[in-house]
There are 2 protein chains.
Amino acid sequence: MVRPNSPHRGLRRIDLSRQTGCNIETIRYYETIGLMPDPPRSPKGYRIYSNEHVSRLNFVMRARALGFTLDEIRGLLALVDGGRHSCAEVRDLASQHLENVREKIRDLRRVETVLATTIGQCSGTDAPDCPVIEALSDSLA
Amino acid sequence: MVRPNSPHRGLRRIDLSRQTGCNIETIRYYETIGLMPDPPRSPKGYRIYSNEHVSRLNFVMRARALGFTLDEIRGLLALVDGGRHSCAEVRDLASQHLENVREKIRDLRRVETVLATTIGQCSGTDAPDCPVIEALSDSLA
DNA sequence: TTACGCTCTGTATCAACTACAGGCTCAAGA
DNA sequence: TCTTGAGCCTGTAGTTGATACAGAGCGTAA
């Protein structure tokens with residue numbers, strides 16, 4: 001069950017997708033927004049990828065998994081591509097992102113507390129007075 | 001510096017916006033998607049709001065602040081509007097949402113740990129080898 | 001030959017807004 | 001009375017990060 005060879009021995013879109021786990025449509029999206037380079041094409045216009053593309057896409061996906069926005073990733077890639085990336089510059093980007101993550105965690109913990117407290121006051125019966133609804137209504141404004 | 005009276009003594013869009021803190025454009029958005037009712041209009045087509053609208057919009061905004069999606073809020077409002085909302089139904093919606101919030105917190109904490117650890121390995125000098133970049137690159141794949 | 005799987009492009013959709021453009025109404029000040 | 005400015009109206013486009021589909025072309029295996 002070997003897949004037919006790719007044109008010119010390069011990787012096709014589906015190969016890149018499988019090797020990275022990235023959705024096949026997402027790859028094209030990253031190309032149109034310039035996060036991934038436009039790959040060379042076969043005579044009939046088929047994209048031909050190399051291991052370079054695999055590496056870069058893996059980089060992007062790991063950064064996404066850490067919650068970096070595509071714009072932040074663009075910044076990281078620019079530093080890498082420039083070859084002149086200093087540790088300090090990268091660390092600044094990452095530190096800023098870490099601070100954002102921590103803030104989001106703080107926000108969510110506050111939300112968690114409010115929700116858990118309110119739900120805890122709930123009788124769980126068919127009572128028409130619901131503490132959750134009341135907490136959301138003007139009565140507690 | 002008293003603002004001119006609203007037509008027919010109702011609230012105008014800007015009044016509702018100021019009383020609730022909700023962006024004026026967002027109010028119209030909530031109306032078009034049916035989260036807020038279409039308000040009555042003045043003869044010239046101006047929206048006229050009442051305190052009912054203020055209450056409902058406050059409800060929506062508090063729920064948003066707790067991270068409920070607009071769809072979840074629609075569900076909560078349906079229960080409230082129906083008059084037949086049992087405590088149990090509401091609690092189920094809220095509990096489900098709480099679980100989502102907790103999962104998001106868990107995810108972010110994992111991200112936080114990875115980021116903090118990686119950044120901690122950073123020399124902060126101008127060194128061209130950056131542990132952050134390396135963590136994102138194939139080398140550690 | 002024909003079927004199938006993959007490719008191509010362009011466009012639409014999602015959440016939850018936000019921000020215009022272009023035109024109307026209304027009340028107050030000169 | 002006229003003008004100015006604030007606020008109103010509608011429709012539409014842009015944001016982020018994808019995802020999905022239509023309609024067409026290509027290429028290989030049976």
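Bear in mind the structure is a predicted one, so any value in this text is a computation, not a measurement. So that the names make sense, note that chain A is the first sequence line, chain B the second, and so on, each numbered from 1.
- Contact check on A:D71 versus A:R74 returns a salt bridge, with a Lys/Arg side-chain nitrogen under 4.0 Å from an Asp/Glu carboxylate oxygen.
- For B:Y29 and C:dA15, the shortest distance from a side-chain N or O to OP1 or OP2 is not below 4.0 Å.
- The nearest heavy atom of DNA chain C to A:I24 and to B:F68 marks one nucleotide each, and the one closer to the 5' end goes with A:I24.
- We find that CD of A:E25 is positioned 16 Å from P of C:dT13, with the value rounded to whole Å.
- Protein atom CG of A:D15 is 16 Å distant from nucleotide atom P of C:dG5, rounded to whole Å.
- Contact check, B:R18 against D:dG7: a side-chain N or O comes under 4.0 Å of OP1 or OP2.
- The separation between B:I33 atom CD1 and C:dT13 atom C1' is 16 Å, rounded to whole Å.
- At D:dT10, one or more side-chain N or O atoms of B:R47 fall inside 4.0 Å of OP1 or OP2 (strictly under the cut-off).
- As a whole-Å value, the separation of B:I14 CD1 from D:dG5 P is 17 Å.
- Among the candidates B:D81, B:L93, B:V60, the single residue satisfying the side chain to side chain contact (heavy atoms under 4.5 Å, CB included) test with B:L76 is B:L93.
- Listed candidates were D:dA18, C:dA16, C:dC8. Nearest to the side chain of A:R13 is C:dC8.
- When distances run from any side-chain atom of A:K44 to the nucleotides D:dT19, D:dC26, C:dT25, the shortest one goes to D:dC26.
- Among all heavy-atom pairs drawn from A:T118 and A:V114, the shortest one is OG1-O, 2.6 Å.
- Between the CG atom of A:N23 and the P atom of C:dT13 there is a distance of 19 Å, given to the nearest Å.
- Residue A:T26 has its side chain nearest to D:dT19 when only C:dC17, C:dC6, D:dT19 are considered.
- The A:R28 side chain lies nearest to D:dA20 when the options are C:dA16, C:dC20, D:dA20.
- One cannot find a donor-acceptor pair under 3.5 Å joining the base of C:dG5 and the side-chain atoms of A:R12.
- Note on A:R64: only backbone sugar-phosphate atoms sit closer than 4.0 angstrom, heavy atoms only; bases stay farther off.
- No donor-acceptor contact under 3.5 Å links the side chain of A:Y30 to the base of D:dG17.
- The distance between atom CG of A:L35 and atom P of D:dG17, rounded to the nearest whole Å, is 10 Å.
- Minimum heavy-atom separation, A:S17 to A:I24: OG-N, 3.7 Å.
- In this structure, CE of B:M61 is placed 13 Å from C1' of C:dA16, rounded to the nearest angstrom.
- Of the residues listed (A:Y30, A:Y49, A:Y29), the one engaging A:M36 in a side chain to side chain contact (heavy atoms under 4.5 Å, CB included) is A:Y30, and it is the only one.
- One can place CD1 of A:I48 at 15 Å from P of D:dC26, the figure rounded to the nearest angstrom.
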